4 protein chains.
Amino acid sequence: MSIDFSADKPIYQQLIDRITGEIIKGHVKPGDKLPSVREYAVEVGVNANTMQRVYKELETMGITETKRGQGTFVTEDSIRLEQLRDEVKKDLVQSFLTNIESLGFSKKEIIEHIQNGEWGEKG
Amino acid sequence: MSIDFSADKPIYQQLIDRITGEIIKGHVKPGDKLPSVREYAVEVGVNANTMQRVYKELETMGITETKRGQGTFVTEDSIRLEQLRDEVKKDLVQSFLTNIESLGFSKKEIIEHIQNGEWGEKG
Amino acid sequence: MSIDFSADKPIYQQLIDRITGEIIKGHVKPGDKLPSVREYAVEVGVNANTMQRVYKELETMGITETKRGQGTFVTEDSIRLEQLRDEVKKDLVQSFLTNIESLGFSKKEIIEHIQNGEWGEKG
Amino acid sequence: MSIDFSADKPIYQQLIDRITGEIIKGHVKPGDKLPSVREYAVEVGVNANTMQRVYKELETMGITETKRGQGTFVTEDSIRLEQLRDEVKKDLVQSFLTNIESLGFSKKEIIEHIQNGEWGEKG
DNA sequence: GTGGTCTAGACCACT
DNA sequence: GTGGTCTAGACCACA
């Protein structure tokens, strides 16, 4: 939930993932207004420049739209959001499988490990 | 199988993963001698210092042992190698699940995607 | 206090020992920021790569944490620092005793020599 | 007792320490004949060149004497052997104290640790 | 020949 | 500015 400043994953990427996650989960809906850059930066304790970059990338990805003078909003293009969801899922799985392979594990073994694991929702 | 010089993952990490993978797969066995630093560096087309770093890291991980003037050998401590396998698997899955969660996907949905995907054994 | 460029012990190891010592002595405290790699390198007169290696090793040992773009900090995990102190002390004494033994001295004789010696507090 | 091929201390140095130790302990006496280079090399499983170096350094140190055609003998100069004992002891303690200091421990604390330790002869 | 250390200098991503 | 990676090339100790 919180930002890990020592992680290998860049802070801005962690923030992109978090916001993307909120949208995927439906906690944030198409047309919703995001906090201002400064507000959000203060909230999570990062530099405003970092948050600026996050918003910029989100807009580049077509996830948000900026209305001058009004702020940043989640796009109302729900088809785009569906695309986003699929893209993200595909990338996630693809890079995971690449890792599995290069490290010498079989897909079967790993899936079993995930299913038997003691994490999260038991889904 | 080969090194991606433009990937986000550093070359030396790719090499560590590769060698670790070879050991996990059993292609390289306890007590086996690895190629010399310079030899291996030439083989994969990286600088000798980069390969040196890879070997050093492997030794720190307890995977290899160096006999001065003779070369670098995979440890004969097969218990350590079993540990290694488990650690690597656990880390792999753990970080994947963290990603899934922060991006708002359910474990169930992702596993289905992996199983139905067009990768790996069906690839 | 200063670096011996012609010692048998590598420069980077001397630097690790020095920083570790500063922490053990309490001159550097949990959460303190270390000088930047380049800054410190200039200060002691070594190459930046050498210092980079020192910092990397310290991080691997769990003594420091790096916040990207901000610098390197002593871990705030004071339990880890206590562990460190004990580990270092144990290793120090253990390797000394191994030496004593292989060279054929008794522990008693050596301790007497240390206590009567012209070093340290009496120096 | 045995040679550690993966240790940080060079094999030849380990062997010098061992032989020196045997003399200090009195297991090997002034005038005693040492095994031939080849014999000894086979016995401990090292390269003959390595053992050659060991014998050469011992002679340089004035500990042994070579009689052509007869072999290598521990010097009968018992004053030299006493000197040797003292030199070795002094070096040992000196380097230990240097380490203690650079790592931020007090002499007192370390001696207590040695005395309370669960090693060796309890001497 | 083998690993290990160090330098000099370049380039990159992140904040 | 901060840490991180990589190259090229030199030099060293060890077996």
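By convention in this document, chain letters (A, B, ...) are assigned in the order of the sequence lines, proteins followed by strands, and residues within each chain are numbered from 1. Since we're looking at a predicted model, the values are computed, not measured.
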Under 4.0 Å: is that the gap between some side-chain N or O of [X] and OP1 or OP2 of [N]?
| X | N | answer |
| --- | --- | --- |
| C/Ser36 | F/dT2 | yes |
| B/Lys67 | F/dC14 | no |
| C/Thr50 | E/dT7 | yes |
| C/Gln70 | F/dT2 | no |
| B/Tyr12 | F/dT5 | yes |
| B/Thr72 | E/dG3 | yes |

For [X] and [N], give me the distance from atom [atom1] to atom [atom2], rounded to whole Å.
| X | N | atom1 | atom2 | answer |
| --- | --- | --- | --- | --- |
| C/Asp8 | F/dC14 | CG | P | 10 Å |
| C/Arg38 | F/dG1 | CZ | C1' | 8 Å |
| B/Gln14 | F/dT5 | CD | C1' | 12 Å |
| D/Ile11 | E/dG3 | CD1 | C1' | 13 Å |
| B/Asn47 | F/dC6 | CG | P | 10 Å |
| D/Leu15 | F/dC14 | CG | P | 13 Å |
| A/Arg53 | E/dA13 | CZ | P | 9 Å |
| B/Glu65 | F/dA15 | CD | C1' | 17 Å |

G-U wobble or Watson-Crick pairing nucleotide for E/dC11 (cut-off 3.5 Å, both distances):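 F/dG4 is the nucleotide pairing with E/dC11.
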Nearest of E/dC14, F/dA15, F/dT2 to any side-chain atom of D/Pro10?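 Minimum distance to the D/Pro10 side chain belongs to F/dA15.
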Starting at the 5' end of DNA chain E, which residue's closest nucleotide do you reach first, C/Gln13 or A/Gln13?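 Comparing both residues, the 5'-ward one is C/Gln13.
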5′-ward residue of the pair C/Gln52/B/Val46 relative to DNA chain F: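 Taking each residue's closest nucleotide, the earlier one in sequence belongs to C/Gln52.
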Of C/Glu39 and B/Lys9, whose nearest nucleotide on DNA chain F comes first from the 5' end?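 Closest to the 5' end, via its nearest nucleotide, is C/Glu39.
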Side chain of C/Arg68, base of F/dG4: donor and acceptor closer than 3.5 Å?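 Absent.
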Check this for me: does the side-chain of D/Asn49 come within 3.5 Å of the base of F/dC14 through a donor and an acceptor?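 No, the side chain and the base share no sub-3.5 Å donor-acceptor pair.
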If you compare all heavy atoms of A/Phe5 against all heavy atoms of A/Val44, which two are closest, and at what distance to 0.1 Å?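 Closest pair (atom of A/Phe5, atom of A/Val44, distance): CZ-O, 4.3 Å.
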Between B/Glu87 and B/Arg80 (salt bridge meaning N to carboxylate O under 4.0 Å), is one present in this structure?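 Looking at B/Arg80 together with B/Glu87, the answer is yes, because their closest N to O distance falls below 4.0 Å.
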Where the side chain of B/Gln52 meets the backbone of B/Val37, is there a donor-acceptor pair that is under 3.5 Å apart?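 Checked: no pair found.
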Determine yes or no for a side-chain-to-main-chain donor-acceptor pair under 3.5 angstrom, with C/Thr75 supplying the side chain and C/Asp77 the backbone.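 Side chain of C/Thr75 to backbone of C/Asp77, a donor-acceptor pair under 3.5 Å: yes, one is there.
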More than 12 heavy atoms of other residues, nucleotides or ligands under 6.0 Å from CD of C/Glu57: is that the case?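 It does: C/Glu57 CD has more than 12 such atoms within range.
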I need the B/Glu22 CD to B/Ile19 CD1 distance, nearest 0.5 Å.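 The CD1 atom of B/Ile19 is 8.5 Å from CD of B/Glu22, to the nearest 0.5 Å.
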